[in-house]
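Reviewing the structure listed below.
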There are 2 protein chains.
Amino acid sequence: MTDPNALADDPLARLPGYLLRRAANAMMTDLAARLAVIDLRISDASVLLLIAGRSDMTSSEIGRVLEIQRANMVPLLNRLESAGLIERRPLDRKSQAIGLSAAGEQCLAVVRNVTDTFEEHLLARIPAQHRAHFVPALMALLA
Amino acid sequence: MTDPNALADDPLARLPGYLLRRAANAMMTDLAARLAVIDLRISDASVLLLIAGRSDMTSSEIGRVLEIQRANMVPLLNRLESAGLIERRPLDRKSQAIGLSAAGEQCLAVVRNVTDTFEEHLLARIPAQHRAHFVPALMALLA
DNA sequence: TATTGTTATACTCTATAACTATA
DNA sequence: TATAGTTATAGAGTATAACAATA
């Protein structure tokens, strides 16, 4: 029980599913801490990155792509709007397009910097001989 | 936006960190559904698998190995005890050892069946040429 | 009829602070 | 002094049901 990463005594330590959960938790904790510096959550950043360079997506569409429930998009977008990062533009009397504001564009540059650094850091931890196999394996799990 | 897995239009779809999160969420949703059949949560099952064949670990020790906060172990173990799956044995006047009850041993066999099937199913989805690289890559992220 | 945006709600997971009793 | 077990609490993510207005 003196092992710092607590894996040595863990019979689950080599199960792919269990490792997948632990690795994702560790990496998301890392990313969340990096984004907290600019007062964003992971889901906030994912929305900003998704709507970068386009202002035609509705709340429901963004939710479908990012797998966020329609109902849960409401507080998320309200938060981003309160922070002045996004703007809503009526498409018709029912739907609204979500686009980055000027401040949102500026914030996006920082978000890209943070996420690029994070993704590099993540890949760098994977030994070179395994690295190229990682993304294809994960994509296969989502297919 | 008609793509069923909603990845085609997603500029994040090839970022390792983003994929890691999505893949873990998808796999854990799958595992949770399989375990729900026997009224267990993922963390419940991980505790049962961890203490299988030993009855010397305390609540705090289990938590350290599985990365579950001491405070969050309380309702978890209470639930397992209420279900009759574990027993507490005093080690001294402060600590208790957690062990499987007879019913817990029986339940463990089912848990093993469920998790083995799940892990096989997960690995089977990964193309053969990437499969052997998956666990080492995940372990590197936890090191 | 189906969809959008929304409200309300609830459950799970996770995290922290604090307390007591004991080692 | 440090640790075990516990209580209380809060934040975040996620899920469902339902509603009004509009397509």
Side-chain angles (χ1 to χ4, degrees), chain A residues 1-2 6 18 20-36 39-47 56-82 86-98, chain B residues 1-2 6 18 20-36 39-47 56-82 86-98:
Chain A
M1 233 59 55
T2 47
Y18 181 75
L20 178 60
R21 179 166 82 135
R22 290 272 292 255
N25 285 348
M27 292 301 104
M28 289 309 113
T29 299
D30 178 349
L31 178 57
R34 291 168 188 260
L35 288 169
D39 266 303
L40 291 181
R41 303 179 190 178
I42 293 176
S43 48
D44 297 339
S46 68
V47 168
D56 59 327
M57 297 186 79
T58 65
S59 172
S60 295
E61 285 170 346
I62 294 169
R64 273 193 294 272
V65 173
L66 297 180
E67 289 184 346
I68 300 171
Q69 303 293 321
R70 210 161 75 245
N72 297 327
M73 286 297 299
V74 177
L76 197 167
L77 291 181
N78 285 345
R79 211 165 48 234
L80 292 177
E81 193 176 36
S82 296
I86 61 162
E87 287 164 350
R88 304 182 204 237
R89 176 175 54 89
L91 289 175
D92 51 37
R93 278 181 301 177
K94 188 166 100 175
S95 304
Q96 301 170 322
I98 310 294
Chain B
M1 234 58 54
T2 48
Y18 181 75
L20 178 61
R21 180 166 82 135
R22 291 272 291 254
N25 284 349
M27 291 302 104
M28 290 310 111
T29 299
D30 178 349
L31 177 56
R34 292 168 188 259
L35 287 169
D39 266 303
L40 291 180
R41 303 179 189 179
I42 293 176
S43 48
D44 297 339
S46 68
V47 168
D56 59 327
M57 297 186 78
T58 65
S59 172
S60 295
E61 285 171 347
I62 295 169
R64 273 193 293 272
V65 173
L66 297 180
E67 287 183 347
I68 300 171
Q69 303 292 322
R70 212 160 74 244
N72 297 328
M73 287 297 298
V74 177
L76 197 167
L77 291 182
N78 285 345
R79 210 165 50 233
L80 292 178
E81 193 176 36
S82 296
I86 61 162
E87 288 164 349
R88 304 184 205 235
R89 174 175 56 87
L91 289 175
D92 51 36
R93 279 182 299 177
K94 189 166 103 177
S95 303
Q96 300 171 323
I98 310 295

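Below, read A as the first sequence line, B as the second, and so on, with proteins coming before strands; counting in each chain starts at 1. The analysis underlying the following values was restricted to heavy atoms, covering all of them including side chains, and did not include hydrogens, waters or symmetry mates. What you see is a predicted model, and the numbers here were worked out from it, not measured in a lab.
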Which of the following nucleotides, C:dA17, C:dT14, D:dT16, is nearest to the side chain of A:Asn25? C:dT14
Taking atom P of C:dG5 as reference, at what distance in whole Å does atom CG of A:Leu76 sit? 14 Å
Please examine the side chains of B:Leu31 and B:Leu35, heavy atoms only from C-beta on, and report whether any two atoms are closer than 4.5 Å. yes
Phosphate OP1/OP2 of D:dG5 contacted by B:Ser60 side-chain N/O (<4.0 Å): yes
Do the side chains of A:Leu80 and A:Asp44 get nearer than 4.5 Å, heavy atoms only? yes
How would you label the contact of A:Ala32 with the nucleic acid (heavy atoms, under 4.0 Å): base, sugar-phosphate, or nothing? nothing
What is the minimum heavy-atom distance between A:Ser95 and A:Asp92, and which atoms define it? N-OD1, 2.7 Å
N/O (side chain, A:Arg41) to phosphate O (OP1/OP2, D:dA12) under 4.0 Å: yes
Are any of A:Ser43's side-chain N or O atoms less than 4.0 Å away from OP1 or OP2 of D:dA12? no
Measure the CG-CD1 distance between A:Leu77 and A:Ile68 for me, rounded to the nearest 0.5 Å. 8.5 Å
Between B:Asp92 and A:Pro75, who's closer to the 5' end of DNA chain C by nearest nucleotide? A:Pro75
Expressed in angstrom and rounded to an integer, what is the separation of B:Arg21 atom CZ from D:dA12 atom C1'? 11 Å
When we call it a touch if two heavy atoms are under 4.0 Å apart, what does A:Arg79 touch: a base, just sugar-phosphate, or nothing? nothing
To the nearest angstrom, how far is A:Leu31 atom CG from D:dA12 atom P? 15 Å
According to a strict under-4.0 Å criterion, is A:Arg64 in side-chain N/O contact with OP1 or OP2 of C:dT4? yes
Side-chain touch A:Met73/A:Arg70, heavy atoms, less than 4.5 angstrom: no
Nearest to side-chain heavy atoms of B:Arg70, which nucleotide of C:dG5, D:dT6, D:dT14: D:dT6
Is B:Arg88 near enough to D:dT6 that one of its side-chain N or O atoms lies under 4.0 angstrom from OP1 or OP2? yes
Name the closest nucleotide to the A:Lys94 side chain, picking from C:dA18, C:dA2, D:dT3. C:dA2
What's the CE-C1' distance between B:Met28 and D:dA15, to the nearest Å? 19 Å
Do any side-chain nitrogens or oxygens of A:Gln69 fall under 4.0 Å of OP1 or OP2 in D:dT14? no
Counting heavy atoms from C-beta on, name the nucleotide in C:dA15, D:dG5, C:dG5 closest to the side chain of A:Thr29. C:dA15
What is the distance from CD1 of A:Ile98 to C1' of C:dT6, rounded to the nearest Å? 13 Å
B:Met73 CE to C:dC13 P, straight-line distance once rounded to whole Å: 13 Å
Respond yes when some side-chain nitrogen or oxygen of A:Asn72 is under 4.0 Å from OP1 or OP2 of D:dG13, and no when none is. no
Does D:dA23 have its OP1 or OP2 closer than 4.0 Å to a side-chain nitrogen or oxygen of A:Arg93? yes
Can you name the nearest heavy-atom pair linking A:Leu66 to B:Tyr18, along with the distance? CD2-OH, 3.2 Å
Closest-nucleotide 5' rank along DNA chain D - winner of B:Gln96 and A:Ser95: B:Gln96
Atom CE of A:Met57 and atom P of C:dG5: how far apart are they, to the nearest Å? 11 Å
In whole Å, what is the span from the CG atom of B:Leu91 to the C1' atom of C:dA21? 16 Å
